[in-house]
A.B. asks: 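The following block contains the structure, expressed as structure tokens.
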Amino acid sequence: GIDLCRFFPAKQKPDLPFTVAYVGRMLNDKGIIELIEAVRILRDRGVILKLILAGAPDPGNPASISMENIKDWQQNRLCSYLGHIGNVEELYRQIHILALPSYREGLGMTILEAAATGVPSIATDVPGCRSAVKNGETGILVPVKNANLLADAIEELLCSPDKREAMGLEARKLVEEKFDSKIVVGLMLEQYNEMLS
């Protein structure tokens, strides 16, 4: 579950430029390559935005993205790389949307953390992300490995601040109703008590 005392909406709207963040391990399977390509597509369209990547590479994983790739993206101004951060809740309060174009997910916890801070997400239409994003209500779901549609979804929310704000409010509401840690822990304890009795 999500700690709603830690993850809460910002008092003020985030500053411009329009900022998209990816939070998680630096793995190809998380759709980071498609996210970088989506930024290239949007830049070619003349769209001004900033992409932040937060998370560490996983050198033991064959899908890990190399630091050389990340440095190259930074040099080409395609992203800002923060590495692993401890106060991720502060990052969520400084962005306009979260992107998680993953190929597969258990449950998109970063989506729920962002949602708790009132930030909508663009994610892929895969089981774990589908559980965390109500398409068209709390964010947008796009097909896997499709940088063009990912770019379209980012541009749609960039150009629609009212829609983005409404989605953020709905996202927070979803977490309050279904993913609050107090609710989740209560349900787990119920299950344990049932099994023990």
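Hydrogens, waters and symmetry mates play no part in the numbers below; they use all other heavy atoms, side chains included.
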A.B. asks: Keeping H84 on the side-chain end and A56 on the backbone end, is there a donor-acceptor pair under 3.5 Å?
C.D. replies: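 Flag not set: sc H84 to bb A56 has no pair under 3.5 Å.
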
A.B. asks: Please round to the nearest 0.5 Å and tell me the distance separating atom CD1 of I65 and atom CG of L27.
C.D. replies: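 CG of L27 is found 7.0 Å from CD1 of I65.
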
A.B. asks: Supply the atom-to-atom distance C159 SG to I154 CD1, rounded to the nearest 0.5 angstrom.
C.D. replies: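 It is 11.5 Å, given to the nearest 0.5 Å.
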
A.B. asks: Working note: R43 + L78, criterion side chain to side chain contact (heavy atoms under 4.5 Å, CB included); need CA distance, chi angles, decisive distance, verdict.
C.D. replies: CA-CA 9 Å; R43 294 268 170 86; L78 292 166; 4.2 Å; yes

A.B. asks: Do side-chain atoms of R172 reach the backbone of A115 as a donor and acceptor pair under 3.5 angstrom?
C.D. replies: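 No: the side chain of R172 does not pair with the backbone of A115.
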
A.B. asks: Is any side-chain heavy atom of Y22 less than 4.5 Å from a side-chain heavy atom of K30?
C.D. replies: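 Of all side-chain heavy-atom pairs linking K30 with Y22, at least one is under 4.5 Å.
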
A.B. asks: Salt bridge between E156 and K163, side-chain N to carboxylate O under 4.0 Å?
C.D. replies: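 So E156 pairs with K163 through a salt bridge.
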
A.B. asks: With a 4.5 Å cut-off on side-chain heavy-atom distances among I, L, V, M, F, W and Y, is there a chain of contacts connecting L82 to L100?
C.D. replies: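 The answer is yes; both residues are in one hydrophobic cluster.
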
A.B. asks: Where do G86 and E89 come nearest, in terms of heavy atoms and distance?
C.D. replies: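 That closest heavy-atom pairing would be O-OE1, 4.3 Å.
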
A.B. asks: Nearest 0.5 Å, please: how far is CD1 in I41 from CG in N148?
C.D. replies: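 Spacing of CG (N148) from CD1 (I41) equals 4.0 Å.
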
A.B. asks: Check this for me: R77, atom CZ, are more than 12 non-hydrogen atoms of other residues, nucleotides or ligands nearer than 6.0 Å?
C.D. replies: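 Counting other residues, nucleotides and ligands, CZ of R77 stays at 12 neighbours or fewer.
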
A.B. asks: Quick check: is I85 connected to L51 through a chain of hydrophobic side chains (ILVMFWY, heavy atoms under 4.5 Å apart)?
C.D. replies: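 Yes, L51 and I85 fall within the same hydrophobic cluster.
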
A.B. asks: Apply side chain to side chain contact (heavy atoms under 4.5 Å, CB included) to L174 and F179, showing your working.
C.D. replies: CA-CA 7 Å; L174 175 68; F179 297 103; 4.2 Å; yes

A.B. asks: Does atom CG of N87 have more than 12 heavy-atom neighbours from other groups under 6.0 Å away?
C.D. replies: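 Counting other residues, nucleotides and ligands, CG of N87 exceeds 12 neighbours.
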
A.B. asks: Charged N to carboxylate O under 4.0 angstrom, K173 versus E176?
C.D. replies: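 No, no charged N to carboxylate O under 4.0 Å.
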
A.B. asks: Salt-bridge test for D3 and K182: reply yes if a basic N is under 4.0 Å from a carboxylate O, no otherwise.
C.D. replies: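 No salt bridge links D3 with K182.
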
A.B. asks: Which residue, I140, I97, V133, forms the side-chain contact (heavy atoms from CB on, under 4.5 Å) with M167?
C.D. replies: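 Answer to the side-chain contact (heavy atoms from CB on, under 4.5 Å) test with M167 among I140, I97, V133: I140.
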
A.B. asks: Please assess V23 against L91 for the test side chain to side chain contact (heavy atoms under 4.5 Å, CB included), listing each intermediate value before the final yes or no.
C.D. replies: CA-CA 9 Å; V23 176; L91 173 63; 3.8 Å; yes

A.B. asks: Can you see which heavy atom on P14 is nearest to which on I95, and at what distance?
C.D. replies: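 Result for this residue pair: CG-O, 3.3 Å.
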
A.B. asks: Could you see if M109 belongs to whatever hydrophobic cluster contains L141? Use Ile, Leu, Val, Met, Phe, Trp, Tyr and a side-chain cutoff under 4.5 Å.
C.D. replies: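 Linked, M109 and L141 end up in one cluster.
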
A.B. asks: Main chain of P17, side chain of T19: is a donor-acceptor contact present, judged purely on distance under 3.5 Å?
C.D. replies: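 Side chain of T19 to backbone of P17: a pair is present.
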
A.B. asks: Is the shortest distance from a Lys or Arg side-chain nitrogen in E34 or K145 to a carboxylate oxygen in the other one below 4.0 Å?
C.D. replies: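 Between K145 and E34 there is no salt bridge, as every charged N stays at least 4.0 Å from the carboxylate O atoms.
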
A.B. asks: Atom CE in M26, atom OG in S66: separation rounded to 0.5 Å?
C.D. replies: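 Here the rounded value is 12.0 Å.
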
A.B. asks: According to a 4.5 Å side-chain heavy-atom criterion applied to Ile, Leu, Val, Met, Phe, Trp and Tyr, with indirect links allowed, do L157 and L149 form part of one hydrophobic cluster?
C.D. replies: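 Hydrophobic grouping puts L157 apart from L149.
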
A.B. asks: Would L4 and I2 count as a side chain to side chain contact (heavy atoms under 4.5 Å, CB included) if you check the C-alpha gap in whole Å, the side-chain angles of each, and the deciding distance to 0.1 Å?
C.D. replies: CA-CA 6 Å; L4 295 180; I2 303 299; 4.3 Å; yes

A.B. asks: Do side-chain atoms of S64 reach the backbone of N61 as a donor and acceptor pair under 3.5 angstrom?
C.D. replies: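 Side chain of S64 to backbone of N61: no pair is present.
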
A.B. asks: Nearest 0.5 angstrom please: I32 CD1 to L53 CG, how far?
C.D. replies: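 Between I32 CD1 and L53 CG, I get 6.0 Å after rounding to 0.5 Å.
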
A.B. asks: I'd like to know if the side chain of R25 and the backbone of P57 have a donor-acceptor N/O pair within less than 3.5 Å.
C.D. replies: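 Answer holds: no.
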
A.B. asks: D72 and N76: side-chain donor and acceptor closer than 3.5 Å?
C.D. replies: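 Note: D72 and N76 side chains meet the donor-acceptor criterion.
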
A.B. asks: Compare all side-chain heavy atoms of L49 with those of V20 and state whether any distance is below 4.5 angstrom.
C.D. replies: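 Contact flag for L49/V20 side chains = yes.
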
A.B. asks: Between Y92 and F7, how do the two ring planes meet: parallel, tilted or perpendicular, split at 30° and 60°?
C.D. replies: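 Answer is tilted, since the angle falls between 30° and 60°.
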
A.B. asks: What's the shortest heavy-atom distance between S121 and A114, and which atoms?
C.D. replies: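 Between these two residues, the closest heavy atoms are OG-CB, 4.4 Å.
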
A.B. asks: So, for Y81 and M67, which heavy atoms are closest and what is the spacing to 0.1 Å?
C.D. replies: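 Answer, listing the atom of Y81 first, then M67: CE2-CE, 3.8 Å.
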
A.B. asks: In terms of side-chain geometry, is the basic nitrogen of E37 or R40 positioned less than 4.0 Å from the acidic oxygen of its partner?
C.D. replies: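 Yes.
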
A.B. asks: Same cluster for V142 and V126 if Ile/Leu/Val/Met/Phe/Trp/Tyr side chains link at under 4.5 Å?
C.D. replies: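 Different hydrophobic clusters.
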
A.B. asks: Test salt bridge (Lys or Arg N to Asp or Glu O under 4.0 Å) on R45 and D152 and set out the steps.
C.D. replies: CA-CA 11 Å; R45 294 178 189 172; D152 291 346; 2.7 Å; yes

A.B. asks: Can K134 and E170 be counted as an ion pair, charged N to O under 4.0 angstrom?
C.D. replies: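 No.
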
A.B. asks: Between R93 and F8 (side chain of the first, backbone of the second, donor and acceptor by atom type, cut-off under 3.5 Å), is there such a pair?
C.D. replies: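 It does hold such a pair.
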
A.B. asks: Shortest non-hydrogen contact from W73 to I33?
C.D. replies: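 Of all heavy-atom pairs spanning W73 and I33, the closest is CZ2-CD1, 3.7 Å.
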
A.B. asks: Looking only at side chains, do S102 and E105 share a donor and an acceptor under 3.5 Å apart?
C.D. replies: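 Indeed, the side chains of S102 and E105 share at least one donor-acceptor pair under 3.5 Å.
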
A.B. asks: Could you report the tightest heavy-atom contact between T124 and C129, atom names first, then the distance?
C.D. replies: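 In terms of heavy atoms, the two residues are closest at O-CB, 3.1 Å.
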
A.B. asks: What's the spacing between I70 CD1 and I36 CD1 if we round to 0.5 Å?
C.D. replies: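 One finds 9.0 Å between CD1 of I70 and CD1 of I36.
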
